[in-house]
Participant: 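Dumping the structure here so I can ask a few things about it.
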Amino acid sequence: QKEVEQDPGPLSVPEGAIVSLNCTYSNSAFQYFMWYRQYSRKGPELLMYTYSSGNKEDGRFTAQVDKSSKYISLFIRDSQPSDSATYLCAMSNNFNKFYFGSGTKLNVKP
Amino acid sequence: DTGVSQDPRHKITKRGQNVTFRCDPISEHNRLYWYRQTLGQGPEFLTYFQNEAQLEKSRLLSDRFSAERPKGSFSTLEIQRTEQGDSAMYLCASSLGIDQPQHFGDGTRLSIL
């Protein structure tokens with residue numbers, strides 16, 4: 001069993017839709033959670049960073065962590081074609097080693 | 001802040017050859033990480049440095065792989081006797097320290113002929 005599971009998609013939505021991206025994990029010791037966006041042939045770009053459970057909002061992006069369910073989510077409001085990319089979740093228990101999901105490919109249609 | 005820089009961006013080599021990649025972290029970032037990413041997968045942790053000390057290595061890092069970070073600045077990742085299975089994107093990331101998230105470079109894509 002992988003440490004982090006993420007639906008690979010692809011997920012296709014119309015412009016302006018609310019997008020929900022999710023990851024589940026098995027290690028209850030994880031306490032640092034990140035979401036990255038990766039465009040083709042580029043490195044991952046940090047979007048959101050949260051510590052422990054709760055919500056965090058930054059512009060059109062909201063990250064949620066539910067440690068009791070070992071489940072994290074990223075919501076994108078008013079999605080734009082420029083949001084089309086692969087979204088990666090990542091997590092760690094001690095910031096020494098990070099575990100990534102396999103990524104969800106998102107396509108926002110104009 | 002010029003971001004994490006990796007060189008070369010793309011390396012093509014024949015099986016059995018040695019290759020070396022370089023990573024320049026963001027200035028003053030004392031942590032540096034190496035990852036490998038294959039098509040359709042997320043990055044897989046290889047190793048990380050705190051300043052010049054290599055503190056953790058993944059089982060993925062076989063004895064053909066070696067990483068260094070002299071003087072705690074740039075880092076190099078060398079692969080000896082390359083194999084077909086080494087074809088991947090090699091990503092470098094750096095962070096300001098513990099509790100600080102990583103910032104990635106755009107990677108070096110390795111193709112083995």
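Source: prediction; values computed, not measured. Numbers restart at 1 for each chain; the letters A, B, ... are given by sequence-line order, proteins then strands.
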Participant: Hydrophobic cluster membership, with links at side-chain heavy-atom distances under 4.5 Å among I/L/V/M/F/W/Y: are Phe30(A) and Ile72(A) in one?
Facilitator: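 Yes; tracing contacts between hydrophobic side chains, which count when under 4.5 Å, links both residues.
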
Participant: Of the non-hydrogen atoms in Leu91(B) and Gly43(A), which two are nearest, and what is the gap between them?
Facilitator: CD2-CA, 4.1 Å

Participant: Starting from Phe65(B), can I reach Leu60(B) by hopping between I/L/V/M/F/W/Y residues whose side chains sit under 4.5 Å apart?
Facilitator: yes

Participant: Do Met89(B) and Phe100(A) sit in one hydrophobic cluster, given that two such residues count as connected whenever their side-chain heavy atoms are within less than 4.5 Å of each other, even indirectly?
Facilitator: yes

Participant: Under 4.5 Å from any heavy atom of chain A, what part of Leu55(B) do you find: side chain, backbone, both or neither?
Facilitator: neither

Participant: Taking atom CD as the centre, does Glu28(B) end up with more than 12 heavy-atom neighbours from other residues, nucleotides or ligands that are less than 6.0 angstrom away?
Facilitator: no

Participant: State, to 0.1 Å, how close Leu88(A) and Pro43(B) come at their nearest heavy-atom pair, and which atoms those are.
Facilitator: CD1-CD, 4.0 Å

Participant: Side chain, backbone, both or neither: which part of Pro44(A) has a heavy atom under 4.5 Å from chain B?
Facilitator: both

Participant: Give me a line-by-line list of donor-acceptor atom pairs from chain B to chain A that are under 3.5 Å apart, or tell me none exist.
Facilitator:
unit_1	atom_1	unit_2	atom_2	d
Arg9(B)	NH2	Arg41(A)	O	3.2
Arg31(B)	NH1	Phe95(A)	O	2.7
Arg31(B)	NH1	Asn96(A)	OD1	3.0
Arg31(B)	NH2	Asn96(A)	OD1	3.2
Tyr33(B)	OH	Phe95(A)	O	2.7
Gln37(B)	OE1	Gln38(A)	NE2	3.0
Gln37(B)	NE2	Gln38(A)	OE1	3.0
Gln41(B)	OE1	Lys2(A)	NZ	3.3
Tyr48(B)	OH	Asn96(A)	OD1	2.9
Asp99(B)	O	Tyr49(A)	OH	3.0
Asp99(B)	OD1	Tyr32(A)	OH	3.0
Gln102(B)	O	Tyr36(A)	OH	2.9
Asp106(B)	OD1	Gly43(A)	N	2.9
Asp106(B)	OD2	Lys42(A)	NZ	3.2

Participant: Check whether Leu46(A) and Val4(A) end up in the same hydrophobic cluster, where Ile, Leu, Val, Met, Phe, Trp and Tyr are linked by side-chain heavy atoms less than 4.5 Å apart.
Facilitator: no

Participant: Side chains of residues 12-21 of chain B: which donor-acceptor pairs under 3.5 Å do they make with residues two or more places apart or in other chains?
Facilitator:
unit_1	atom_1	unit_2	atom_2	d
Asn18(B)	OD1	Arg81(B)	N	2.8

Participant: Quick check on Leu39(B): does its CG atom have over 12 non-hydrogen neighbours (other residues, nucleotides or ligands) under 6.0 Å away?
Facilitator: no

Participant: Hydrophobic clusters here meaning ILVMFWY residues chained together by side-chain heavy-atom distances under 4.5 Å, can you tell me if Ile98(B) and Met91(A) are in one?
Facilitator: no

